[in-house]
Engineer: 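What follows is a structure written as structure tokens; I'll ask about it next.
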Amino acid sequence: QVQLVESGGGLVQAGGSLRLSCAASGGTFSSYGLGWFRQAPGKEREFVAAISWTGGSTYYADSVKGRFTISRDNAKNTVYLQMNSLKPEDTAVYYCAATSDWEIATMPHEYDYWGQGTQVTVSS
């Protein structure tokens, strides 16, 4: 059983940056593929970024490519999402997730464990 706790959300102006963190406990962190998703009010949860077990492979949604960077530190059991050039449309609750079955996964149902989410609000 893996527990995930996100932090780092907040209110930022358009064009600004935020760094989200997700700390994991339980399980073997380095054996999980990790991802970030987001959900805006009235919308479905959408994929943002994913990173493989070793961190050697990453994958991004087109909407964040070139602006967001996912990384992981297996020694600290933590995954990060660096968000630059933020836009109002990036406003959402951001969730981290872990999967034991996939090295890289982009669909919510492919993930086994989820954090509680952290709010990111980008003002125009």
Side-chain angles (χ1 to χ4, degrees):
Q1 189 78 5
V2 175
Q3 291 79 44
L4 302 170
V5 179
E6 302 96 335
S7 61
L11 174 64
V12 64
Q13 288 188 332
S17 299
L18 281 175
R19 187 195 197 199
L20 305 183
S21 299
C22 176
S25 60
T28 303
F29 184 76
S30 60
S31 67
Y32 288 92
L34 301 168
W36 286 96
F37 289 76
R38 65 187 182 186
Q39 188 166 17
K43 295 188 176 181
E44 293 187 352
R45 191 166 297 190
E46 66 171 352
F47 169 76
V48 175
I51 189 166
S52 62
W53 305 315
T54 63
S57 297
T58 56
Y59 190 77
Y60 297 92
D62 287 343
S63 59
V64 306
K65 200 172 294 183
R67 300 188 298 122
F68 290 11
T69 303
I70 188 172
S71 61
R72 66 188 294 165
D73 185 338
N74 286 346
K76 296 183 178 180
N77 288 1
T78 302
V79 59
Y80 305 97
L81 185 68
Q82 178 66 45
M83 305 185 296
N84 299 329
S85 302
L86 283 160
K87 304 175 181 179
E89 51 263 44
D90 294 319
T91 295
V93 177
Y94 282 71
Y95 299 89
C96 68
T99 174
S100 58
D101 295 327
W102 302 91
E103 184 176 13
I104 291 281
T106 63
M107 301 298 292
H109 71 264
E110 294 173 322
Y111 286 84
D112 307 299
Y113 306 102
W114 293 85
Q116 83 290 347
T118 186
Q119 176 71 47
V120 171
T121 303
V122 184
S123 63
S124 57

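The first residue in the sequence is number 1, and the count goes up from there.
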Engineer: If Ile, Leu, Val, Met, Phe, Trp and Tyr residues are connected whenever their side-chain heavy atoms lie under 4.5 Å apart, and connections chain through other members, are Val93 and Trp114 in the same group?
Structural biologist: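 Cluster IDs for Val93 and Trp114 match.
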Engineer: Looking only at heavy atoms, what is the nearest atom pair of Leu34 and Ala98, with distance?
Structural biologist: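 Shortest heavy-atom contact: CD2-CB, 3.7 Å.
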Engineer: Mind checking side chain to side chain donor-acceptor pair (under 3.5 Å) for Thr69 and listing every partner two or more places apart, or none if nothing turns up?
Structural biologist: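 If we apply the side chain to side chain donor-acceptor pair (under 3.5 Å) test to Thr69, skipping adjacent residues, there are no hits.
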Engineer: Taking the side chain as C-beta and beyond, is there a heavy-atom pair between Asp90 and Arg67 under 4.5 Å?
Structural biologist: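 Yes, close enough: below the 4.5 Å cut-off.
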Engineer: Grouping I, L, V, M, F, W and Y whenever their side-chain heavy atoms are under 4.5 Å apart, do Tyr95 and Leu18 come out in a common cluster?
Structural biologist: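 As far as the 4.5 Å side-chain criterion goes, Leu18 and Tyr95 are not connected within one cluster.
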Engineer: Can you list, pair by pair, the side-chain donor-acceptor contacts under 3.5 Å of residues 40-50, counting residues two or more places apart and other chains?
Structural biologist:
from	atom 1	to	atom 2	distance (Å)
Arg45	NE	Gln39	OE1	3.4
Arg45	NH2	Gln39	OE1	3.4
Glu46	OE2	Arg38	NE	2.6
Glu46	OE2	Arg38	NH2	3.2

Engineer: Report the residues that fulfil side-chain contact (heavy atoms from CB on, under 4.5 Å) with Ser17, sequence neighbours left out, ordered by chain and then residue number.
Structural biologist: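 By the side-chain contact (heavy atoms from CB on, under 4.5 Å) rule, Ser17 matches Gln82, Asn84.
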Engineer: Any pair with a residue in residues 49-62 that passes side-chain hydrogen bond (donor to acceptor under 3.5 Å, both in side chains), sequence neighbours left out, goes on the list, sorted by first then second residue, please.
Structural biologist: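 Qualifying pairs: Asp62-Lys65.
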Engineer: Testing the basics here: between Cys22 and Leu4, what is the closest heavy-atom pair and its distance to 0.1 Å?
Structural biologist: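 Nearest heavy atoms, Cys22 then Leu4: SG-CB, 3.8 Å.
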Engineer: Can you tell me how far the CZ atom of Phe29 sits from the OG1 atom of Thr78, to the nearest 0.5 Å?
Structural biologist: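 Here the rounded value is 6.0 Å.
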Engineer: Between Ala24 and Val2, what is the shortest heavy-atom contact and its length?
Structural biologist: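 In this case the closest contact between Ala24 and Val2 is CB-CG1, 4.3 Å.
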Engineer: Does Tyr113 belong to the same Ile/Leu/Val/Met/Phe/Trp/Tyr cluster as Leu81, with side-chain heavy atoms less than 4.5 Å apart forming each link?
Structural biologist: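 Same cluster: Tyr113 reaches Leu81 through Ile, Leu, Val, Met, Phe, Trp or Tyr contacts under 4.5 Å.
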Engineer: Kindly indicate whether the side chain of Phe37, heavy atoms from C-beta on, has any atom under 4.5 Å from the side chain of Tyr111.
Structural biologist: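 Touching, per the 4.5 Å side-chain cut-off.
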Engineer: Roughly how far, to the nearest 0.5 Å, is the CE atom of Met83 from the CD1 atom of Ile70?
Structural biologist: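 The CD1 atom of Ile70 sits 12.0 Å away from the CE atom of Met83.
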Engineer: Backbone N or O of Pro88 within a donor-acceptor pair of the Ser124 side chain at under 3.5 Å?
Structural biologist: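 The answer is no, because no donor-acceptor pair under 3.5 Å joins these two groups.
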Engineer: With distance as the sole test, does Arg72 use its side chain to make a donor-acceptor pair with the main-chain N or O of Gly55 at under 3.5 Å?
Structural biologist: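 Pair absent, no side-chain N/O of Arg72 close to backbone of Gly55.
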Engineer: Strictly distance-based, threshold 3.5 Å: is any side-chain N or O of Tyr80 a donor or acceptor partner for the main-chain N or O of Asp73?
Structural biologist: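 No, because the side chain of Tyr80 does not come within donor-acceptor range (under 3.5 Å) of the backbone of Asp73.
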Engineer: With sequence neighbours left out, write down each residue that passes side-chain contact (heavy atoms from CB on, under 4.5 Å) with Gln13, or none if nothing qualifies.
Structural biologist: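 Partners of Gln13 by the side-chain contact (heavy atoms from CB on, under 4.5 Å) criterion, ordered by chain and then number, come out as Ser123.
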Engineer: Can you name the residues that form a side-chain contact (heavy atoms from CB on, under 4.5 Å) with Thr118, not counting sequence neighbours?
Structural biologist: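 Checked Thr118 against side-chain contact (heavy atoms from CB on, under 4.5 Å); matches are Glu6, Leu20, Tyr94.
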Engineer: To check you understand the geometry: which heavy-atom pair defines the closest contact between Val79 and Cys96, and what is its length?
Structural biologist: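 That closest heavy-atom pairing would be CG1-CB, 4.5 Å.
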Engineer: Taking Thr99 for its side chain and Asp101 for its backbone only, find out whether a donor-acceptor pair lies under 3.5 Å.
Structural biologist: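 Checked: pair present.
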